[in-house]
Structures are given as structure tokens and as C-alpha cells.
Amino acid sequence: MTILKNIKLTNREAKILSIIKSHGTPITSTELHQITKLDKRTIMEIIARLRFKGVPIVSKRFGTNSGYSIAKDENERMRGVAMLSNQATTMMKNINGLANADLQNWDKHIKVM
């Protein structure tokens, strides 16, 4: 395991991290937007950068306690890793579909069910 030292954060990254840490329960992007007035895409980009820098932010999309939080143990962290891994798999399928799309004839193959 790599030990990260002296992680430098932008003011926005520090603000989002502070809110997530102090919230106590998972906080949604809508709640983060209401507090920060940043758009949701910017919030998602900031969270991605924080994760890249080694901050263990996990998220839950559905159900009770949905939102962003800091992983408290290895199980929470691994659930977060699994969720991101599933998203990456879906993203790769989308990339492959787009990369292999027939630009001239794609619409001839569409059938509405």
C-alpha cells in the first residue's frame, strides 16, 4: 500500500472534502450543489480528483444512505472499488460500441421493439 504525503488540494477540493467529512452521513451531489453552488458535473470532477489523490471517498447511488462519504473500513472501500470497477466496465462497452459504429449505415439497423 502506498502512503501518500503532502497531498495538495485546490480550494474547491478542500471545501468539498471538508463538507463530506463533516456531514456525518453520506451526502448527495444535490446537497453538495445546494451548499457550494457548484454544478453537479463540477462536483463529480472534484470528487474524481480527490479519489485520484488518494482520498477514500466512496459513494452509494441508490437506497438509504445514498451519496458520498469517506470509507471507514476495508469493506466500505472495497465496495466503492467494486462500484467504480463496474462503471469502468460499462464505460468500456460504450467506448467499444462507439469506436466500432458504422457511421454510414447505423440507422438502417435500428429496430424499435
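The structure displayed is predicted, hence computed values, not measured ones. Counting begins at 1 with the first residue of the sequence.
One N or O on the side chain of S22 and one on the backbone of S18 form a donor-acceptor pair closer than 3.5 Å.
Between D39 and T42 the shortest side-chain heavy-atom distance falls below 4.5 Å. A 4.5 Å side-chain heavy-atom check between I35 and I27 finds at least one atom pair inside the cut-off. Looking at heavy atoms from C-beta onward, N105 lies in side-chain contact with H109 at the 4.5 angstrom threshold. Within the 4.5 Å cutoff, side-chain heavy atoms of I47 are placed close to those of L32. With a 4.5 Å cut-off on side-chain heavy atoms, K15 and I46 do not count as touching.
Atoms CZ and CG, on R12 and L38 in that order, are 5.0 Å from each other to the nearest 0.5 Å. For the atom pair H23 NE2 and I20 CD1, the distance stands at 10.0 Å (nearest 0.5 Å). The distance from the NZ atom of K108 to the CG atom of D102 is 8.5 Å, given to the nearest 0.5 Å. Rounded to the nearest 0.5 angstrom, E76 CD and K60 NZ are separated by 10.5 Å. Between atom OG of residue S29 and atom CD1 of residue I16 there is a gap of 10.0 Å, rounded to the nearest 0.5 Å. A distance of 9.0 Å separates OH of Y68 from CD1 of I57, quoted to the nearest 0.5 Å.
Counted by atom type alone, K40 and T30 present one or more donor-acceptor pairs between their side chains at under 3.5 Å. A donor-acceptor pair shorter than 3.5 Å cannot be found between the side chains of N86 and T89. Side chains of E31 and T28: a donor on one and an acceptor on the other come within 3.5 Å.
The pair E13-K53 meets the salt-bridge criterion, with a side-chain N (NZ, NE, NH1 or NH2) lying under 4.0 Å from an Asp/Glu carboxylate O.
Of all the heavy atoms in P26 and S66, the pair that sits closest is CB-O, 3.6 Å. Between V58 and A71, the closest heavy-atom pair is CG1-CB, 3.9 Å.
By the 6.0 Å contact criterion, CZ on R49 is enclosed, its count of non-hydrogen atoms from other residues, nucleotides or ligands being greater than 12. No more than 12 heavy atoms of other residues, nucleotides or ligands shown are found within 6.0 angstrom of CG on N11.
There is a path of hydrophobic side-chain contacts, each under 4.5 Å, that joins I19 to I7.
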So V55 and R51, side-chain contact (heavy atoms from CB on, under 4.5 Å) or not? Walk me through it.
CA-CA 5 Å; V55 179; R51 287 174 173 157; over 6 Å; no
Please lay out, stage by stage, how S59 and M44 fare under the test side-chain contact (heavy atoms from CB on, under 4.5 Å).
CA-CA 11 Å; S59 59; M44 290 170 49; over 6 Å; no
